[in-house]
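Everything below concerns the one structure shown next.
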Amino acid sequence: MNDILPDEAQLWLWFEDSVREWLEAYGYRNIRMPLVEPTALFKRAIGEVTDIVEKEMYSFEDGLNGDQLTLRPEGTASCVRAVLQHNLLYNAPQRLYYSGQMFRHERPQKGRYRQFHQIGVEALGFAGPDIDAEQILMCARLWKKLGLRDVALQINTLGDSAARQRHREKLIAYFESHMEALDAEATRRLHTNPLRILDSKNPAMQTIIAGAPGLMAELDEEARVHFEGVQAILRQHGVEYEINPRLVRGLDYYNRTVFEWVTTRLGAQGTICAGGRYDGLVEQIGGKAAPACGFAMGIERLLALVQEDGVQPPRTPLDVYLVHQGELADRMASSVAEQLRDAGLRVAMHCGGGSFKSQMKKADGSGAACAVIIGDDEAAQQAVMLKPLRGGGEQQRVALQDMQYKICELIK
Ligand code: HAM
């Protein structure tokens with residue numbers, strides 16, 4: 001779990017602003033859910049036999065009433081819960097986004113944290129391939145906007161439930177005939193969730209996984225047409241993609257389209273954004289069946305990539321550092337600072353006293369465009385000294401009534 005210190009936070013603020021504009025350009029509206037939900041919600045939505053639910057959730061009992069609670073490991077389940085609880089879905093489809101902390105007790109390594117941040121995007125009530133494709137196009141636009149290079153798209157389809165059932169039976173039969181190659185976890189999951197075996201990172205099992213029967217052969221016509229539809233729109237917009245039949249995602253709620261954006265430049269944790277369709281989840285959580293599709297991106301991973309690419313966020317520097325000394329001057333300084341802020345300027349007033357010299361050192365180090373200097377002489381004459389701090393220029397005495405205008409001249 002990381003602290004984000006001010007220099008880095010600047011990058012986060014810039015990113016959050018860029019992302020908000022981008023989401024609004026596609027008609028998405030913000031929703032904010034609690035960090036904690038009943039444990040049962042995540043078990044039902046993500047699936048009992050998944051890494052997240054079996055090993056990674058921070059779950060605890062509420063000491064006051066005995067409720068079983070979990071720090072959210074992802075946002076989709078909470079978002080669907082909120083939409084149902086507040087009956088948002090049945091008047092109109094919803095395009096929603098959220099952003100914030102998620103918690104997974106994973107083995108910490110570069111790009112994988114126990115508290116991390118996601119921007120999550122969910123479109124509820126949309127059935128066609130147009131929205132799946134639009135979400136992928138959205139991502140492509142964001143990478144361009146952020147100046148990211150080397151991000152590749154992988155897509156797959158997981159079909160619908162009948163095809164998944166047929167595929168599941170074939171997978172079980174296949175892995176049963178290769179029991180000697182399965183590790184303990186795969187053996188345990190064989191009859192509960194064989195699809196998860198395909199997700200295994202165990203190097204010793206990769207050959208056996210590569211030979212497992214695929215789902216494509218089982219696809220029903222509707223799911224096939226849907227997948228074709230997504231691809232046609234991607235092709236229309238020149239978005240390159242690779243079909244990866246092994247892409248199954250680590251959460252159980254997906255059906256049909258799934259996708260991941262990956263980079264080779266972050267080591268093992270190269271997935272910066274991932275999602276897909278989850279047509280069964282709304283009903284599974286207790287609502288009337290409704291189709292849905294969404295994705296989430298890991299902000300830490302994205303920003304690591306942004307930094308690798310040398311993208312520099314514009315800094316929003318101070319306009320004025322206010323230096324003051326003397327009884328009269330100290331009193332005048334806070335009024336001057338407030339007056340300048342009324343005019344929309346960013347002002348740091350020196351606090352804590354000290355000589356002019358030491359205050360000017362602070363002013364130089366503050367990054368402000370100029371220093372406004374007030375001594376008792378200036379205060380007595382209702383004037384200030386104005387000193388440019390960047391790009392040279394002489395210090396000058398300025399009457400109080402001209403100060404604002406002169407500063408604006410200086411910083412424009
Ligand atoms: P996910 O694949 O579990 O999907 O996570 C989405 C993204 O969050 C990952 O691609 C990665 O960038 C980031 N991420 C996940 N775990 C960590 C971690 N421990 N440290 C840093 N970053 C991490 C979901 O969470 C789904 N809810 C996405 C979705 C939304 N599907 C439909 N709607």
Side-chain angles (χ1 to χ4, degrees), residues 1-26 28 51-52 56 73-75 97-121 135-156 199 201 203 234 237-244 246-247 249-250 258-276 294-317 367:
M1 299 191 186
N2 296 315
D3 296 309
I4 300 160
L5 302 178
D7 276 346
E8 202 189 334
Q10 194 71 33
L11 187 68
W12 283 68
L13 287 170
W14 164 79
F15 173 74
E16 284 155 3
D17 284 348
S18 312
V19 161
R20 199 172 313 129
E21 275 174 20
W22 160 74
L23 288 159
E24 284 166 3
Y26 285 86
Y28 281 83
D51 280 355
I52 295 180
E56 296 170 1
E74 61 107 47
Y97 78 89
Y98 47 85
S99 123
Q101 290 90 335
M102 307 290 158
F103 302 86
R104 297 185 193 175
H105 192 109
E106 299 187 88
R107 198 164 55 78
Q109 50 184 297
K110 187 168 176 265
R112 178 170 290 234
Y113 308 106
R114 291 182 174 169
Q115 175 185 271
F116 60 100
H117 296 73
Q118 281 185 347
I119 306 274
V121 172
Q135 291 190 337
I136 294 173
L137 291 181
M138 267 177 92
C139 297
R141 178 184 290 272
L142 184 64
W143 313 150
K144 209 156 140 198
K145 183 172 166 134
L146 297 175
L148 294 189
R149 292 177 287 114
D150 303 332
V151 187
L153 171 64
Q154 299 191 350
I155 61 173
N156 190 22
D199 227 11
K201 302 286 175 290
L234 296 184
H237 290 269
V239 175
E240 286 180 29
Y241 60 90
E242 180 197 337
I243 298 179
N244 174 1
R246 300 277 160 241
L247 182 65
R249 310 277 300 119
V258 286
F259 64 90
E260 292 195 353
W261 290 91
V262 286
T263 169
T264 49
R265 291 198 288 139
L266 293 178
Q269 306 308 323
T271 306
I272 54 168
C273 174
F295 64 91
M297 60 186 87
I299 302 185
E300 284 82 357
R301 291 186 193 175
L302 254 176
L303 291 185
L305 208 56
V306 165
Q307 276 173 314
E308 268 231 357
D309 280 338
V311 179
Q312 283 293 335
R315 258 191 94 168
T316 41

Evaluate the criterion side chain to side chain contact (heavy atoms under 4.5 Å, CB included) for residue pair His117 and Leu303; output intermediate values, then yes/no. CA-CA 11 Å; His117 296 73; Leu303 291 185; over 6 Å; no
Starting from the C-alpha separation in whole Å, work towards a yes-or-no answer on side chain to side chain donor-acceptor pair (under 3.5 Å) for Gln118 and Glu74. CA-CA 8 Å; Gln118 281 185 347; Glu74 61 107 47; over 6 Å; no
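For Pro317, the side-chain contact (heavy atoms from CB on, under 4.5 Å) partners at least two apart in sequence or on another chain are Arg346, Arg390. Scored by the ring pair (Phe, Tyr, Trp, His ring centres under 6.0 Å) test, Trp14 finds no partners at all (sequence neighbours excluded). Checked against side-chain hydrogen bond (donor to acceptor under 3.5 Å, both in side chains), Tyr113 has no partners two or more places apart in sequence or in another chain. The side-chain contact (heavy atoms from CB on, under 4.5 Å) check on Ala274 picks up Arg249, Glu260, Thr271, with sequence neighbours excluded. For Asp51, the side-chain contact (heavy atoms from CB on, under 4.5 Å) partners two or more places apart in sequence, or in a different chain, are Lys55, Glu56, Glu185, Arg189. Taking the salt bridge (charged side-chain N to carboxylate O under 4.0 Å, His left out) definition, one finds that Glu300 meets it with nothing, sequence neighbours left out. A search for ring pair (Phe, Tyr, Trp, His ring centres under 6.0 Å) contacts involving His237 returns nothing, not counting sequence neighbours.
With values rounded to the nearest 0.5 angstrom, Met297 atom CE is found 6.0 Å from Phe15 atom CZ. In this structure, Trp12 CH2 and Ile299 CD1 are separated by 5.0 Å, a value rounded to the nearest 0.5 Å. Note that CH2 of Trp143 and CG of Leu302 are 5.0 Å apart. Values are rounded to the nearest 0.5 Å. Note that CD of Gln135 and CZ of Phe259 are 6.0 Å apart. Values are rounded to the nearest 0.5 Å.
Within the structure, the salt bridge (charged side-chain N to carboxylate O under 4.0 Å, His left out) test picks out the following pairs touching residues 137-147 (sequence neighbours left out): Glu21-Lys145. Sorted by first then second residue, the salt bridge (charged side-chain N to carboxylate O under 4.0 Å, His left out) pairs that include residues 97-110, not counting sequence neighbours, are Glu106-Arg112. Here salt bridge (charged side-chain N to carboxylate O under 4.0 Å, His left out) pairs that include residues 7-20, with residues two or more places apart or in two chains, are Asp17-Arg20.
The two residues Asp199 and Gly250 have their closest heavy-atom pair at OD2-CA, 3.3 Å.
Residue-environment remark: CD (Glu240) stays at or below the threshold of 12 foreign heavy atoms within 6.0 Å.
With hydrogens and angles ignored, the 3.5 Å screen pairs a side-chain donor or acceptor of Arg301 with a backbone N or O of Gly111.
Ile136 pairs in a side-chain contact (heavy atoms from CB on, under 4.5 Å) with only one of the listed residues (Tyr241, Phe295, Trp261), which is Trp261.
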With a cut-off of 3.5 Å and sequence neighbours excluded, list every side-chain donor-acceptor pair involving residues 146-156.
unit_1: Arg149; atom_1: NH2; unit_2: Asp309; atom_2: OD1; d: 2.9
unit_1: Asp150; atom_1: OD2; unit_2: Arg265; atom_2: NE; d: 3.1
unit_1: Gln154; atom_1: OE1; unit_2: Asn244; atom_2: ND2; d: 2.8
unit_1: Asn156; atom_1: ND2; unit_2: Asn244; atom_2: O; d: 3.4
unit_1: Asn156; atom_1: ND2; unit_2: Pro245; atom_2: O; d: 3.3
unit_1: Asn156; atom_1: ND2; unit_2: Leu247; atom_2: O; d: 2.8

